[in-house]
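Data block below; observations after.
The sequence lines fix the lettering, A, B, ..., with proteins before strands; numbering per chain opens at 1.
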Number of protein chains: 2
Amino acid sequence: MDKREQILASALRLFVEFGFHGTPTSKIAKEAGVSNGTLFHYFATKEDLIKELYISIKNELNQFLFSKITPQDGIEAVIKKVFIYFIYWALENREKNHYIQQVLFSPHIFQIPESVAMEQSQKHIQLIEEAKATKVIKDLPTNLIYTLTNSHLMGIYNYVVNLPTDEQKPIIESGFDMLWDMLTEQK
Amino acid sequence: MDKREQILASALRLFVEFGFHGTPTSKIAKEAGVSNGTLFHYFATKEDLIKELYISIKNELNQFLFSKITPQDGIEAVIKKVFIYFIYWALENREKNHYIQQVLFSPHIFQIPESVAMEQSQKHIQLIEEAKATKVIKDLPTNLIYTLTNSHLMGIYNYVVNLPTDEQKPIIESGFDMLWDMLTEQK
DNA sequence: CAATAGATTGACTAATCACTCTATAAAAGT
DNA sequence: ACTTTTATAGAGTGATTAGTCAATCTATTG
């Protein structure tokens, strides 16, 4: 792992444990095994570090999610895969998931340029639009569906994260079914 | 408003705008119109201030929610009222709602004693237990219902907060219906 | 009214921290 | 081989900040 990544990895661990305030750049550098100066060679400011860490995690997550879908998947299968694999990713990458939330509810979120935020949600928005267009799901505002899906995901995650591994799967599955029932017309 | 409350009010505003790190105690004191020393007379540490602000907001919210229910309300009506009024409270108290989330996804949350956290969720848990016992809602784990309800609430709030006032009500209403459908047996 | 307790002030301090700067080493380019 | 660029180190710095303290002011009480 190169120094830049080493720094990001240490920053992640420390920010999640001690918060942005509670984590001096010196401590990050130390834990990453680099000097103070090196940290500022890669990241001009601490704020930059916070921001780039957020962006890199988001990108990693998106790449992971969309690597799981195959061309022959129908829209429902795609959405289900994105849902299910998000939970598994979050469970395997708890710190990263926590970090995303931490930034989301902090003033640092305003440092993320609108364009970057858009780019990251774009593919998800497209999925919803497609599902709406093909009448698979209800005709609710796209943003409402997007927001509700995200919060439902966080809800399921928050519950299963405290469960023993073997009890997680059924909850995750029925978690998806609940959402799906909510988004599709009742027959 | 006495000085203690003045300090809490200023802290709220500044913490939400600039974050915990970005808000020096001196700035809080200044904005509250008290001296530095006075702030530390009421709150031994900055951490204490963060913690007590959180607890006071949570208590205020709970008191508000349960003041809305009347003895003749059935369990469904009670749950609906708690749901709907939470959204209205959050819309009227955006900073307070934001602050709660901010603490929730920060390391400061670990400063809140377990007992206080329990006390605050207890009444909500009881509602769910009662609804389950009277077979009004599905027999899912209470904690799962609690978590899903909370995240659904946040989802609805996040959506309606950007809407013009007159478009909020129908979304909030159908937001409740969606949740209710999810939690009750399909007929 | 005297005495005690609590409230308030603001200057002060010890510590911390983000970031700079200079020096050197390594890599890349020509 | 020589020059330029990039990477790394780590001591140093100026600014900031949480929290202290001694002094004064303001109720409250016996």
Side-chain angles (χ1 to χ4, degrees), chain A residues 1-57 95 99 102-103 105-113, chain B residues 1-57 95 99 102-103 105-113:
Chain A
M1 190 153 35
D2 72 4
K3 309 231 163 172
R4 206 189 118 96
E5 280 180 59
Q6 199 58 256
I7 293 167
L8 286 172
S10 301
L12 171 63
R13 210 190 69 66
L14 293 168
F15 283 149
V16 169
E17 183 168 357
F18 302 108
F20 300 113
H21 170 47
T23 308
T25 51
S26 57
K27 213 168 159 190
I28 298 172
K30 201 175 199 176
E31 168 146 335
V34 304
S35 73
N36 256 340
T38 301
L39 189 149
F40 284 96
H41 174 71
Y42 287 102
F43 305 95
T45 65
K46 188 182 184 180
E47 188 68 42
D48 268 15
L49 172 57
I50 292 172
K51 186 179 72 187
E52 294 199 31
L53 180 57
Y54 176 84
I55 293 174
S56 83
I57 292 175
E95 281 183 343
Y99 184 78
Q102 199 174 331
V103 172
F105 286 101
S106 78
H108 303 289
I109 190 63
F110 301 116
Q111 300 302 316
I112 312 294
Chain B
M1 193 157 29
D2 71 7
K3 310 230 161 171
R4 204 189 117 96
E5 279 180 60
Q6 200 57 256
I7 293 168
L8 285 173
S10 301
L12 171 63
R13 211 189 69 67
L14 293 168
F15 283 149
V16 169
E17 183 168 358
F18 302 108
F20 300 114
H21 169 46
T23 308
T25 51
S26 56
K27 212 168 160 190
I28 298 172
K30 201 175 199 176
E31 168 146 340
V34 303
S35 73
N36 257 337
T38 301
L39 189 149
F40 286 98
H41 174 71
Y42 286 103
F43 305 95
T45 65
K46 188 181 184 181
E47 187 68 43
D48 268 15
L49 172 57
I50 293 172
K51 186 179 74 185
E52 293 199 34
L53 179 56
Y54 176 84
I55 293 174
S56 84
I57 292 175
E95 282 184 340
Y99 183 78
Q102 200 174 330
V103 172
F105 286 101
S106 79
H108 303 289
I109 189 62
F110 301 117
Q111 300 302 316
I112 312 295

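- To the nearest 0.5 Å, atom CG of residue L8(A) and atom CD of residue E52(A) are 7.5 Å apart.
- Geometrically, K27(A) engages F18(A) in a cation-pi contact defined by less than 6.0 Å to the ring centre and at most 45° from the axis.
- Straight-line distance from the NZ atom of K46(B) to the P atom of dT16(C): 16 Å, rounded to whole Å.
- Taking the six-membered ring where the residue is Trp, the centroids of H108(B) and F20(B) are separated by under 6.0 Å.
- One atom, CD of E47(A), and another, C1' of dC17(C), lie 15 Å apart when rounded to the nearest Å.
- Close to dA7(D), at under 4.0 Å from its OP1 or OP2, lies a side-chain N or O of H41(A).
- Between the C1' atom of dT16(D) and the CZ atom of F18(B) lies a distance of 16 Å, rounded to the nearest Å.
- Put simply, T25(A) has a side-chain N or O that comes within less than 4.0 Å of OP1 or OP2 on dA18(C).
- Residue K3(A) places at least one side-chain N or O under 4.0 Å from the OP1 or OP2 atom of dA9(D).
- The side chain of S35(B) contributes no N or O atom lying less than 4.0 Å from OP1 or OP2 of dG10(C).
- F43(A) comes within 4.0 angstrom of no nucleic acid atom, judged by non-hydrogen atoms across all strands.
- Between Y42(B) and the phosphate of dT8(C), there is a side-chain N or O to OP1/OP2 separation shorter than 4.0 Å.
- Using cut-offs of 30° and 60° for the angle between ring planes, the F105(B) and F105(A) rings count as parallel.
- The distance from atom CG of L14(A) to atom P of dC17(C) is 12 Å, rounded to the nearest whole Å.
- Regarding F40(B), its CZ atom lies at a distance of 14 Å from the C1' atom of dC12(C), rounded to whole Å.
- When the nearest nucleotides of DNA chain D are assigned to T23(B) and G37(A) by heavy-atom distance, the more 5′-ward of the two goes with G37(A).
- For N36(A), the listed nucleotide lying nearest its side chain is dC19(C); candidates were dC19(C), dA18(D), dT8(C).
- When the C1' atom of dA18(C) is taken as reference, atom CG of D48(A) falls 13 Å away, rounded to whole Å.
- Distance, L39(A) CG to dC21(C) C1': 16 Å, rounded to whole Å.
- Proximity of F43(B) to K51(B): side-chain heavy atoms (C-beta onward) are nowhere separated by under 4.5 Å.
- In this entry the distance linking CG of L49(B) with P of dG19(D) reads 10 Å, nearest Å.
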